[in-house]
Amino acid sequence: MWRHPCEDFRVSGVRFFSRHKGEVNCCSFSPDCQILLTCSDDGGLYLWRVATGKLLAKVRGHAGPVKCCVFSKDGRFFASASHDCSVGIWRTSTVERVHALTGHTRSVETVSFSVDSKWLVSGGWDNTALLWDTETGLKMRELLGHSAAVQSSAFSTDSRFLATGSWDHSVKLWGLSGDKEVVTLDGHRGNVACLCFSTTGMLASGSWDGTVRVWSPQRRVCLFVLGGGGRAWVRCVVFSRDGLVLASTAEGDTVKLWDMADGRCLKRLQGHKDSAYGCVFSPSGALLTTGSDQLDLGEEEDEDSEEQEEEEREKKQPGRRHGVKHGEERPGQAGHANDPFWEPSGP
């Protein structure tokens, strides 16, 4: 019987990325999987060499916590969303800020690039989503309709649709061509915290009601309701590159893999010491990175001499270090992030 390679995922190796001085809120791989981008409540964006864990650059420019970060699909730029009500677009090669986008009146919680990298969407606590031209930095459209904060966003892989998720428990689909129709997808009973489109055209939404819903945007129907056995907040959803598998993280120490053919749970990945908050497949699909908030202090961090020198400096200026672990990917809510990598154990 055919088995998807994701069914053979296992913990591969762990590397700690731990220079941040505040909670790590988001992580993103570059398209070539060579660079990891992290952002934190300390107001900084850090770029790391994935293979070695070396810190490549510290990027400053926001006046408050950075809530979300993402690479453009071509890897030339990355974007950041901040509590200071602004959005930044940065050039990857020089880490210079190309545009400082202002238009939100409250904290910006989510930011996403379109597949062709021409558009950027941002959403936040002012209940609005804004569509930006990434080349000019001009605001192209204001998307109004949510009655509460916009917490999540995603473009479809053909750039025909934009999805936004909100604290009003709804998902909205915005047409980006033609008559710009707006469709509301109802069903969740909690904040819609995460969204992801598959290459096959499906849309997944994860909610604090403990469920993941998989939708057909074209038919405007819910195909699967995943989970729901307990009220465990769903923090992140991500499709594999082929669209056949969906990974989800939630409160609790388990990462789940779901079969998109029938909605069954393929595998539960365990290894975190605490709740798993985020996940992402590497562009090649060979790695799944997830992250949590509890650092196992029994683990030894793989640090180079530069990191050791910084530790010595920090002894003179006490303060907690926060970060992500190379193995799973992601943000931590309460301190260190604990991230192992998962990779197929078979051929």
Side-chain angles (χ1 to χ4, degrees), residues 25-28 37 39 41 45 62 64-73 77-90 99-115 117-134 137-156 159-176 180-186 188 190-197 203-208 213 215 217 233-238 277-278 331:
N25 292 314
C26 192
C27 304
S28 178
L37 172 67
C39 66
D41 276 356
L45 292 138
H62 285 294
V66 184
K67 309 298 289 185
C68 185
C69 61
V70 64
F71 276 104
S72 63
K73 304 306 179 183
F77 302 98
F78 59 91
S80 55
S82 175
H83 187 73
D84 67 7
C85 307
S86 76
V87 174
I89 298 179
W90 313 78
H99 297 296
L101 309 177
T102 56
H104 288 284
T105 58
R106 297 185 67 184
S107 176
V108 188
E109 298 292 309
T110 180
V111 64
S112 300
F113 280 101
S114 61
V115 174
S117 302
K118 292 181 179 179
W119 307 101
L120 183 77
V121 67
S122 58
W125 278 95
D126 56 7
N127 303 357
T128 65
L130 301 178
L131 189 65
W132 307 88
D133 183 311
T134 58
L138 296 176
K139 182 172 67 177
M140 305 305 295
R141 190 174 166 190
E142 188 172 10
L143 307 174
L144 302 174
H146 285 295
S147 59
V150 178
Q151 182 73 18
S152 51
S153 61
F155 284 91
S156 63
S159 296
R160 290 178 54 207
F161 299 102
L162 165 66
T164 53
S166 170
W167 279 77
D168 64 13
H169 303 178
S170 75
V171 177
K172 289 190 180 294
L173 281 174
W174 311 82
L176 299 180
K180 294 184 172 65
E181 181 184 13
V182 181
V183 175
T184 301
L185 303 176
D186 290 314
H188 283 297
N191 166 33
V192 181
C194 47
L195 294 166
C196 186
F197 278 96
L203 170 66
S205 58
S207 170
W208 287 17
R213 288 179 175 261
W215 312 84
W233 294 352
V234 179
R235 297 287 186 170
C236 188
V237 290
V238 61
Y277 288 106

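Atom CH2 of W215 sits about 5.5 Å away from atom OG of S205, to the nearest 0.5 Å. For the atom pair CZ (F197) and OG (S159), the distance works out to 10.0 Å, reported to the nearest 0.5 Å. Taking CG of L203 as the reference point, atom OG of S156 lies at 9.5 Å (rounded to 0.5 Å). To the nearest 0.5 Å, the span separating CG on L195 from CZ on R213 amounts to 13.5 Å. Distance check, rounded to the nearest 0.5 Å: SG of C26 to CG of L45 gives 9.5 Å. With values rounded to the nearest 0.5 angstrom, H83 atom NE2 is found 12.5 Å from H62 atom NE2.
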query = What do the steps show when you test C194 against R235 for side chain to side chain contact (heavy atoms under 4.5 Å, CB included), and what is the final call?
reply = CA-CA 7 Å; C194 47; R235 297 287 186 170; over 6 Å; no
H99 vs V87, side chain to side chain contact (heavy atoms under 4.5 Å, CB included): CA-CA, chis, key distance, verdict = CA-CA 8 Å; H99 297 296; V87 174; over 6 Å; no
key: Residue pair S80, W90: steps toward the side-chain hydrogen bond (donor to acceptor under 3.5 Å, both in side chains) verdict   = CA-CA 8 Å; S80 55; W90 313 78; 2.9 Å; yes
Criterion side chain to side chain contact (heavy atoms under 4.5 Å, CB included) on V108 and V111, from CA distance to verdict = CA-CA 8 Å; V108 188; V111 64; 5.7 Å; no
inquiry  = Could you walk me through whether N127 and L144 satisfy the side chain to side chain contact (heavy atoms under 4.5 Å, CB included) test, starting with their C-alpha distance in whole Å, then the side-chain angles of each, then the deciding distance to 0.1 Å, before giving a yes or no?
reply    = CA-CA 8 Å; N127 303 357; L144 302 174; over 6 Å; no
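For T110 and S153, the side-chain atoms include at least one donor-acceptor pair closer than 3.5 Å. For the residue pair K172/T184, the side-chain donor-acceptor check at 3.5 Å is satisfied. A donor-acceptor pair shorter than 3.5 Å cannot be found between the side chains of S207 and H169. S170 and H188 are not linked by any side-chain donor-acceptor pair at a separation below 3.5 angstrom, with hydrogens and angles left out of the test.
Between H146 and W174, the ring planes are perpendicular. Angles over 60° get that label, and only those under 30° would be called parallel.
Side-chain contact between I89 and L101: present, with at least one pair of heavy atoms (C-beta onward) separated by less than 4.5 Å. For the pair L130 and H104, the minimum side-chain heavy-atom distance is below 4.5 Å. You'll find the side chain of V171 stays beyond 4.5 Å of the side chain of T164, heavy atoms only. Here the side chains of W119 and S112 are not in contact, with every heavy-atom distance at 4.5 Å or above. Looking at heavy atoms from C-beta onward, F71 lies in side-chain contact with L37 at the 4.5 angstrom threshold. Counting heavy atoms from C-beta on, the side chains of L173 and V182 never come closer than 4.5 Å.
Scanning all heavy atoms of the two residues, the minimum distance from A204 to V237 falls at O-CG2, 4.0 Å. Taking each heavy atom of A129 and V121 in turn, the nearest pair found is CB-CG2, 4.2 Å. Nearest heavy atom pair, residue G137 against residue W132, reads O-CE3, 3.7 Å. Counting all heavy atoms, side chain and backbone alike, Q151 lies closest to V192 at CB-O, 3.7 Å. The minimum heavy-atom distance between W167 and W208, with the atom names listed, is CH2-CZ3, 3.6 Å. Looking at every heavy atom in both residues, E142 comes nearest to T128 through OE2-CG2, 4.1 Å.
In this structure, N25 contributes its side chain and C39 its backbone to no donor-acceptor pair below 3.5 Å. When atom types are taken as modelled, the side chain of S147 and the backbone of D168 share no donor-acceptor pair closer than 3.5 angstrom. Looking only at distances, a side-chain donor or acceptor of T134 sits under 3.5 Å from a matching main-chain atom of K118.
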